[in-house]
Asks: 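Below is one structure. I have some questions about it.
Basis for what follows: all heavy atoms, side chains included, without hydrogens, waters or symmetry-related copies.
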Amino acid sequence: MLKVKDIHTFYGNIEALKGVSLDISEGEIITLIGANGAGKSTTLMSICGITPPRMGEITFMDQPITNMKPDKIVSLGICQVPEGRRIFPYLSVTENLDMGAFLRKDMNHIKTDMEYVFDLFPILEQRRHQPGGTLSGGEQQMLAISRALMARPRLLLLDEPSLGLAPLIVRQIFEIVKKINTENDTTIFLVEQNANLALQVAHRGYVMENGQIVITDAADRLLSNEDIRKAYLGM
Amino acid sequence: MIKFSEIKKSLWVSLWFMFLTFPVMVIRVNTIENVIEWRWENMIFIGVGSFLFSFVWRYLLKQKEYGLKRAEEGGDIRPSLAQRILRDRKIFAPALTVVGIFALLFPYVFSLYQTNIMISALIFVMLGLGLNIVVGLAGLLDLGYVAFYAVGAYAYALLNYHFGLSFWILLPVGGALGMLFGILLGFPVLRLRGDYLAIVTLGFGEIIRLILENWNEFSFGPSGISNIPRPSFFGMSLSVHDSTIFIYYIMIALCIFTIFVVNRLQDSRIGRAWIALREDEVACQAMGIDKAKTKLTAFALGATWAGMGGVMFAAKTTFVNPASFTIWESIIILCIVVLGGMGSVVGVIIGALILILLPEYLRAFSEYRMLMFGILLVVMMVFRPGGIVSDVRRIYKFEGSGGAGKDA
């Protein structure tokens, strides 16, 4: 579905991605794990077109999207939940969700989709008239995921959904991520620092170090890999 | 009850103020007789005044904190008087009718002088509403807004001078030229935000003014262009008195048109994109909003109103020169938006009327105008940071299985 071929992304003169290649098939949950500054978020931003790669090629459903503008990429069905949630603080919960459906015009389906996300996260329905900024961290993350779902993505990119949240909430969110994957056939690309949890929900995983992919394998095999356990799972 | 500590605090405040104002208020050098006058009575006034003032100030602050606390404790926030008027149809409709009738009869009830002042105020209403799109809705701090105003004014003056085109042709042309310049400015500043954007727009405003001032062959330099015709009424030229009234009605019509368009824009997709852009650019892009296009439309549409306002200005004064388009003008328009309430149409209208009309009627205090202005801004930012009428945004309601319609 998504093929990333040897991309190099730069911030000024600094080469953040030194030839990253990924391959995501339809219906999968793929996770990208790695230490701070390994280039995980940059990979995601490069796919979204917000920091386009200088070299290399990205194709989505056999269509090159390497130098497409971010809004075009979203309209193809790639939607991201940005790092740090980045909900609109002064817009209400429903308005935030409405912004997620910005590119869509089918009012009726937007309605049912909103019902669907309220079904996934009932707390959001209770808080639907509250400004987004007044929600708790966990609720904001739920809102950010819901907002991205409102775009009806075929590929959902999640950037560190566990950031700054209580373990219990994180577990809950990961359960929902799994549910979204099985119920809607939404392919999910999960960038995470919490390697343990991420590998538990994912089918396959990529491990990143210094702007390069160092290992790729099935998630359960990565979980039992001795080196990975030492380096990323703290065991 | 008044506590001792409060009195002590106020005492210090008044002592401090007496010390601060000592050189200005007490000492006066009489240069004719070469003596120094000591005006000690002024010091007493300042002392007593600031003592009482500090009490009032603290009382108001406490009231405000009390209000905030009550809002936080879950009690519903009481909407301000203005917001209640806006929300309640029963009050809003008659109020609107009264304002409408007043506006229509104004030139017949009041003198020509008053009508002229009102025209200026209405031009600033239009400018304020235009800048409100850029600053209030899209959150792009534009300090060079007056440049587009100048473009409109000079478009009318120059095109009329060289080609004899009439007001009615040049009004839309002025708007279009404003839009063109808005886009021209918009392109280079697409990547900028906040302070950097403010500086670049400030520079742009000055560039336009300096060009007009120094390019004599093009704009006749500092002496400007005079004898600009007033708008004609179906080919008839009117007397000064009649044409002033006519301009007044054109301005009223233009303001209503502006309000209508801005209102529609606010609720449109592009309006929502502006609001989202103001809150978070990255999230905007993640939602599939074209950042460049959204910013450019904000600049272009904002500048359009400034262009038309400029044409009106030139038609009203029949004379333009670069001195009318200084940075000070930009600041006033920005103050109108901030003071009135960013993003709120009614707030901007009230802000424009206050900031333009008050200085005219308080000419007696004209020496203290800047001082008053500063005090007003400080007081506003402390007690009503959202502006006189803070933005009452429409709430999108979601009704279970019904329509996800937008309710007012």
Asks: I need the residue from A:P89, A:G100, A:C79 with the largest number of non-hydrogen atom pairs under 4.5 Å to chain B.
Replies: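 Going by pairs under 4.5 Å, I would pick A:P89.
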Asks: Checking heavy atoms, do the side chain of A:I50, its backbone, both or neither come under 4.5 Å from chain B?
Replies: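 The answer is the side chain of A:I50.
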Asks: Assess whether ring-ring contact (aromatic ring centres under 6.0 Å, His included) is satisfied between B:F299 and B:Y145, documenting all intermediate values.
Replies: CA-CA 10 Å; B:F299 265 114; B:Y145 192 64; 9.4 Å; no
Asks: Find the distance between CD (B:Q285) and NZ (B:K291) and round it off to the nearest 0.5 Å.
Replies: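 Output value for this atom pair is 4.5 Å.
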Asks: For each of A:Q80, A:R147, A:K69, tally heavy-atom pairs with chain B at distances under 4.5 Å, and name the one with the top tally.
Replies: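 Most heavy-atom pairs under 4.5 Å with chain B: A:R147.
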Asks: With ring centroids as reference points, do B:W305 and B:F257 lie under 6.0 angstrom apart?
Replies: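 Ring-ring flag for B:W305/B:F257: true, centres closer than 6.0 Å.
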Asks: With a 4.5 angstrom heavy-atom cut-off, which part of B:A273 approaches chain A: side chain, backbone, both or neither?
Replies: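 Both parts, heavy atoms under 4.5 Å.
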Asks: If you round to the nearest 0.5 Å, how far is NZ of A:K40 from CG of A:L190?
Replies: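 Answer rounded to 0.5 Å: 11.0 Å.
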